[in-house]
Amino acid sequence: MNYREIRELASSKCAVNSSRLAVIYLVSMILSGVASFTIGEYDSTEFEISSSISSMIGMIISGPMTYGMIYVIKKNYENIRPEVEDLFKGFKFFTKLFVLNLLIGLYVALWTLLFIIPGIIKAYSYSMAFYIFLDNPELSANECIDRSRKMMNGFKWHNFCLNFSYIGWILLSILTLGILFLWVGPKIQTANYEFYLIVSGNKNKRSEVDILESIDNGEEVVD
């Protein structure tokens, strides 16, 4: 698997809408961050309660928001201009996505109890579950996880190497206090979407239904 070609393709896909993707990514980070932060002065008991509430809110919206960002990446990949409101597309599948995110977190946590390495391996094993649900919303959470596990058999190391190949950009993003990551993040996610298309066998296969649906919704298709 040629990681350089995948990265170059991801960069070219993101180049057209780079500023728009950066804004959408920023909104996604803000929404996720708001759910994780506690504002105000509290005593220890109030702080613990507030932190628990924040963690719960974060867990509740994490599934739909993850789906929303992948939806944005898919639209951009298919040369359709993404919009900020696309981030909220996952809320129409709220229950399924909440369960999917919850089960992935639970399974990874249980494997991590054995040792951290098995937990990391399983995280990569389940990493395609949201992409699978995006293309197959009729599937249950466990079916998506099971398909991801089978799909990633023999490819987990490749996916790790692909993500690790961005380590230089990630370190540079840290030096810019995360600002650069607004542009790097979408590229990493696009590279992972390309990876999903390769391992799923869907590379260069765009559904005619998707195209017609985009036209019906008045979405701009970029040639």
Side-chain angles (χ1 to χ4, degrees), residues 1-22 24-25 28-29 66-82 86 104 108 111 116-136 139 144-176 178-211 214 221-223:
M1 188 168 291
N2 192 319
Y3 308 123
R4 181 177 179 179
E5 287 184 2
I6 294 177
R7 291 198 309 271
E8 289 177 350
L9 183 143
S11 295
S12 66
K13 287 289 184 181
C14 291
V16 177
N17 294 306
S18 60
S19 297
R20 179 176 293 268
L21 287 171
I24 294 174
Y25 202 77
S28 176
M29 290 175 66
T66 299
Y67 174 97
M69 195 62 214
I70 293 175
Y71 184 89
V72 166
I73 294 300
K74 180 182 180 181
K75 280 186 67 175
N76 183 73
Y77 185 95
E78 295 177 345
N79 300 320
I80 303 172
R81 190 174 66 181
D86 291 329
I104 291 175
V108 171
W111 280 100
I116 190 170
I117 300 301
I120 295 173
I121 292 173
K122 285 301 176 181
Y124 276 97
S125 183
Y126 307 145
S127 62
M128 298 292 113
F130 276 94
Y131 298 94
I132 292 170
F133 182 81
L134 181 67
D135 288 337
N136 306 276
L139 296 179
C144 291
I145 292 172
D146 188 54
R147 287 196 183 189
S148 177
R149 180 180 56 80
K150 292 176 180 177
M151 184 184 295
M152 291 298 284
N153 186 28
F155 290 101
K156 292 184 285 293
W157 175 249
H158 294 289
N159 196 204
F160 171 81
C161 290
L162 174 62
N163 284 289
F164 189 77
S165 68
Y166 281 96
I167 188 64
W169 285 108
I170 293 172
L171 293 175
L172 283 175
S173 297
I174 294 173
L175 293 176
T176 62
I179 296 175
L180 182 60
F181 201 71
L182 296 178
W183 285 267
V184 175
K187 291 180 181 180
I188 296 176
Q189 292 209 18
T190 302
N192 276 283
Y193 182 69
E194 170 72 5
F195 183 92
Y196 161 71
L197 293 178
I198 293 172
V199 297
S200 66
N202 292 328
K203 176 66 177 172
N204 295 328
K205 293 180 182 178
R206 185 180 177 194
S207 169
E208 183 178 346
V209 175
D210 286 344
I211 298 175
S214 299
V221 179
V222 182
D223 295 328

Using 0.5 Å steps for rounding, measure from the [atom1] atom of [X] to the [atom2] atom of [Y].
| X | Y | atom1 | atom2 | value |
| --- | --- | --- | --- | --- |
| Ile6 | Tyr193 | CD1 | OH | 14.0 Å |
| Phe130 | Ile145 | CZ | CD1 | 8.5 Å |
| Asn163 | Gln189 | CG | CD | 10.0 Å |
| Asn153 | Ser125 | CG | OG | 8.0 Å |
| Tyr3 | Phe195 | OH | CZ | 7.5 Å |
| Cys144 | Tyr126 | SG | OH | 13.5 Å |

Quick one: closest heavy-atom pair of [X] and [Y], and the distance?
| X | Y | result |
| --- | --- | --- |
| Ser148 | Ser127 | OG-N, 3.6 Å |
| Val72 | Pro82 | CG1-CB, 3.7 Å |
| Val108 | Gly119 | CG1-O, 3.6 Å |
| Lys156 | Ile121 | CD-O, 3.4 Å |
| Val184 | Ser173 | CG2-OG, 3.8 Å |
| Thr190 | Ala10 | CG2-CA, 3.8 Å |

- Task: Let me see the working for Asn192 and Ile73 under side chain to side chain contact (heavy atoms under 4.5 Å, CB included), right down to the final yes or no.
- Result: CA-CA 10 Å; Asn192 276 283; Ile73 294 300; over 6 Å; no

Within a strict 4.5 Å, meaning less than it, do heavy atoms of the [X] and [Y] side chains meet?
| X | Y | result |
| --- | --- | --- |
| Leu162 | Glu194 | no |
| Tyr77 | Leu197 | yes |
| Tyr25 | Met69 | yes |
| Phe133 | Ile70 | no |

- List for me each residue that meets side chain to side chain contact (heavy atoms under 4.5 Å, CB included) alongside Trp183, sequence neighbours excluded, and say none if there are none. Ser18, Ala22, Ile179

- Task: Please list, chain by chain and in numerical order, all residues satisfying side-chain hydrogen bond (donor to acceptor under 3.5 Å, both in side chains) with Tyr196, sequence neighbours excluded.
- Result: Asp135

- Does Ser11 reach the main-chain N or O of Arg7 with its side chain, forming a donor-acceptor pair under 3.5 Å? yes

- Kindly say whether Lys13 contributes a backbone atom to a donor-acceptor pair with the side chain of Asn76 at under 3.5 angstrom? yes

- Trace of the side chain to side chain contact (heavy atoms under 4.5 Å, CB included) decision for Met128 with Asn159: CA-CA 10 Å; Met128 298 292 113; Asn159 196 204; 4.0 Å; yes

- Hey, is CG on Leu175 packed in by over 12 heavy atoms from elsewhere, all under 6.0 Å? yes

- Task: Could you check whether the rings of Tyr71 and Tyr67 sit parallel, tilted or perpendicular, using 30° and 60° as the cut-offs?
- Result: parallel

